[in-house]
Number of protein chains: 2
Amino acid sequence: MNDSIHQCARAILDTTPAIVQAMRVEMRAERLHELSVPQFRTLAFIGRHPGCSLSDVAEFIGMTLPSMSVLVNGLVEDDLVLRQPCRIDRRRVTLTLTAAGVTVHTRALDGTLAWLTRQLSPLSELDRVTVLRAMDILRPIFDASQVAATTQEATTA
Amino acid sequence: MNDSIHQCARAILDTTPAIVQAMRVEMRAERLHELSVPQFRTLAFIGRHPGCSLSDVAEFIGMTLPSMSVLVNGLVEDDLVLRQPCRIDRRRVTLTLTAAGVTVHTRALDGTLAWLTRQLSPLSELDRVTVLRAMDILRPIFDASQVAATTQEATTA
DNA sequence: TATTGTTATACTCTATAACTATA
DNA sequence: TATAGTTATAGAGTATAACAATA
């Protein structure tokens with residue numbers, strides 16, 4: 001039966017927003033690090049891709065260029081991100097984390113991970129493995145660039 | 001090893017926001033139903049719990065009372081939700097979906113589910129089962145309110 | 001006094017449209 | 001002309017604080 005695919009879709013629809021919402025509440029409650037989920041994800045991406053452009057981050061996160069410009073602008077004003085014009089192509093900017101950005105991101109990451117770990121602690125080893133495998137299965141599917149690609153495909157088709 | 005729990009936490013942190021973000025983008029792209037993810041979830045909850053109070057929804061979704069008041073107010077103005085004072089306790093309000101609310105929610109649900117189904121279609125049967133099981137494991141952990149969760153169980157059963 | 005909800009105020013998130021600068 | 005990014009404007013999401021009404 002392809003009943004499983006519908007059950008699966010329904011389960012994702014019910015569950016993932018609840019997880020992210022709980023994460024948002026947790027991150028806001030943690031007074032140590034004042035980062036929203038998008039800010040956190042942006043910092044993480046820039047940390048993993050030093051010197052990336054605004055378009056790179058926007059595509060990965062799944063936001064429009066103007067939205068990301070505003071978001072990054074806030075991070076620059078908070079001195080968490082360094083935004084410099086690119087020498088080779090002066091239309092571009094290169095983004096890197098400042099020392100403060102690294103610190104804040106690390107602290108937020110550790111805090112959120114610790115909270116998540118507490119939430120997951122009642123699970124059996126088997127359940128954890130199942131969850132881990134599921135996340136590995138889902139991540140490539142919902143990678144923002146993939147979604148954008150298929151959307152474009154569908155539009156041009 | 002408790003290494004798996006950290007891997008697991010990290011995987012959830014990386015993956016679930018990407019899924020929800022993709023969902024948000026999709027829902028916004030679908031011009032048919034102009035619902036945000038929180039609006040959609042609120043409509044779903046009220047549909048499953050007709051006559052519920054503002055506090056009930058706020059707790060389930062994981063929002064503060066004022067935030068939910070504003071959100072619901074928008075839904076009332078759009079004629080998707082009926083908000084009436086409760087006879088027994090006049091401090092409370094009772095929330096129900098209007099006919100339009102049912103229609104809009106159903107359409108949004110169907111549309112999002114169809115999109116999700118397309119995204120999941122490349123997966124093997126085994127992968128789907130893994131994902132489904134993972135969602136069933138995670139949902140009770142991150143449900144914003146235990147009370148609402150058990151109520152939902154009773155209602156949906 | 002405690003509970004339910006609303007209003008006031010102020011951010012952030014996010015989009016589209018219009019613009020600038022560079023290629 | 002096409003691309004990278006910013007600015008202007010607007011609306012939704014969300015919080016805290018202060019308030020009103022009811023129990």
Side-chain angles (χ1 to χ4, degrees), chain A residues 17 20-31 33-43 46 51-78 80-81 83-95 108 144 148 151, chain B residues 17 20-31 33-43 46 51-59 61-78 80-81 83-95 144:
Chain A
V20 173
Q21 179 65 15
M23 223 160 74
R24 190 197 326 279
V25 168
E26 157 65 16
M27 290 186 71
R28 209 178 285 257
E30 286 276 336
R31 272 294 168 234
H33 48 79
E34 266 305 84
L35 286 181
S36 70
V37 173
Q39 284 176 328
F40 176 77
R41 294 221 296 147
T42 300
L43 246 37
I46 296 175
C52 65
S53 73
L54 196 62
S55 306
D56 294 335
V57 204
E59 186 181 18
F60 178 80
I61 304 289
M63 280 170 60
T64 60
L65 216 43
S67 297
M68 187 48 77
S69 181
V70 171
L71 195 157
V72 164
N73 202 51
L75 296 175
V76 169
E77 278 174 5
D78 291 348
L80 302 177
V81 165
R83 177 176 47 191
Q84 291 174 303
C86 174
R87 300 287 163 75
I88 304 163
D89 182 343
R90 293 218 300 255
R91 292 172 304 184
R92 288 172 164 269
V93 295
T94 61
L95 302 172
T151 304
Chain B
V20 173
Q21 178 65 17
M23 223 159 75
R24 190 197 326 279
V25 168
E26 157 64 18
M27 291 186 71
R28 210 179 285 258
E30 285 277 335
R31 272 292 169 236
H33 47 78
E34 267 304 86
L35 288 180
S36 69
V37 173
Q39 283 177 327
F40 175 78
R41 294 220 297 147
T42 300
L43 246 37
I46 297 174
C52 65
S53 72
L54 196 63
S55 306
D56 293 336
V57 204
E59 188 180 17
I61 304 288
M63 280 170 59
T64 61
L65 216 42
S67 297
M68 187 48 78
S69 182
V70 172
L71 195 156
V72 163
N73 202 52
L75 296 174
V76 169
E77 278 174 6
D78 291 348
L80 302 178
V81 166
R83 177 176 47 190
Q84 290 174 304
C86 174
R87 300 284 164 76
I88 304 162
D89 182 345
R90 293 217 300 255
R91 292 172 303 182
R92 287 171 164 271
V93 295
T94 60
L95 302 173

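Below, chains carry the letters A, B, ... as their sequence lines are ordered, and counting in each starts from 1.
Regarding B:Glu77, its CD atom lies at a distance of 9 Å from the P atom of D:dA12, rounded to whole Å. Rounded to whole Å, the distance from CE on A:Met23 to P on D:dG13 is 19 Å. The nearest whole Å value for the distance from the CD1 atom in B:Ile61 to the P atom in D:dT14 is 9 Å. Atom CG in A:Leu95 sits about 13 Å away from atom C1' in D:dT6, given to the nearest Å. The distance between atom CG of A:Asn73 and atom P of D:dA8, rounded to the nearest whole Å, is 11 Å. Between the CG atom of B:Asp78 and the P atom of D:dG11 there is a distance of 13 Å, given to the nearest Å. The CE-P distance, from A:Met27 to D:dA15, rounds to 14 Å in whole Å. Taking atom CZ on B:Arg83 and atom P on C:dT4, their separation rounds to 17 Å, with Å as the unit.
A residue-by-residue look at B:Leu71 and A:Val70 shows that A:Val70 has its nearest nucleotide of DNA chain D further toward the 5' end. Where A:Leu54 and B:Met68 meet DNA chain D, the nucleotide closest to each residue was compared, and A:Leu54 sits on the side nearer the 5' end. Between B:Ser53 and A:Met63, the residue whose closest nucleotide on DNA chain C is further toward the 5' end is B:Ser53.
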Item checked: Sequence-aligned protein contact record of nucleotides 18-23 of chain D, with B where the base is within under 4.0 Å of a protein heavy atom and S where only the sugar-phosphate is -> ---BBS

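Proximity of A:Gln21 to the phosphate of D:dG13: no side-chain N or O atom is located under 4.0 Å from OP1 or OP2. Remark: B:Gln39 is in phosphate contact with D:dG13, judged by side-chain N or O atoms under 4.0 Å from OP1 or OP2. Residue A:Ser67 places at least one side-chain N or O closer than 4.0 Å to OP1 or OP2 of C:dA15.
The residue B:Leu65 sits close to a base: some heavy atom pair falls under 4.0 Å. As judged by a 4.0 angstrom heavy-atom cut-off over every strand, B:Ser55 is placed among residues touching the sugar-phosphate backbone only.
To the nearest 0.5 Å, atoms CG (B:Leu65) and CG (B:Leu54) are separated by 5.0 Å. With rounding to the nearest 0.5 angstrom, the CD1 atom of A:Ile61 is 11.0 Å from the CD atom of A:Gln39. Note that the CZ atom of B:Arg92 and the OG atom of B:Ser55 stand 6.0 Å from one another [nearest 0.5 Å].
Between the side chain of A:Asp78 and the main chain of A:Leu75, no donor-acceptor pair closer than 3.5 Å is present. The backbone N or O of B:Val37 sits nowhere less than 3.5 Å from a side-chain atom of B:Arg24 that would complete a donor-acceptor pair. When atom types are taken as modelled, the side chain of A:Thr42 and the backbone of A:Pro38 share a donor-acceptor pair closer than 3.5 angstrom. Of the possible donor and acceptor atoms, one in the side chain of A:Thr94 sits under 3.5 Å from a partner among the backbone N and O of A:Gln84.
Of the candidates D:dA15, C:dA15, D:dG13, C:dA15 carries the atom nearest the B:Arg28 side chain, counting heavy atoms from C-beta on. Among the nucleotides D:dT6, D:dT14, C:dT4, the one closest to any side-chain atom of B:Arg92 is C:dT4.
The side-chain heavy atoms of B:Val57 and B:Met63, taken from C-beta on, include no pair separated by under 4.5 Å.
Residue side chain B:Thr64 does not reach the base of D:dA15 through any donor-acceptor N/O pair under 3.5 Å, judged by distance alone.
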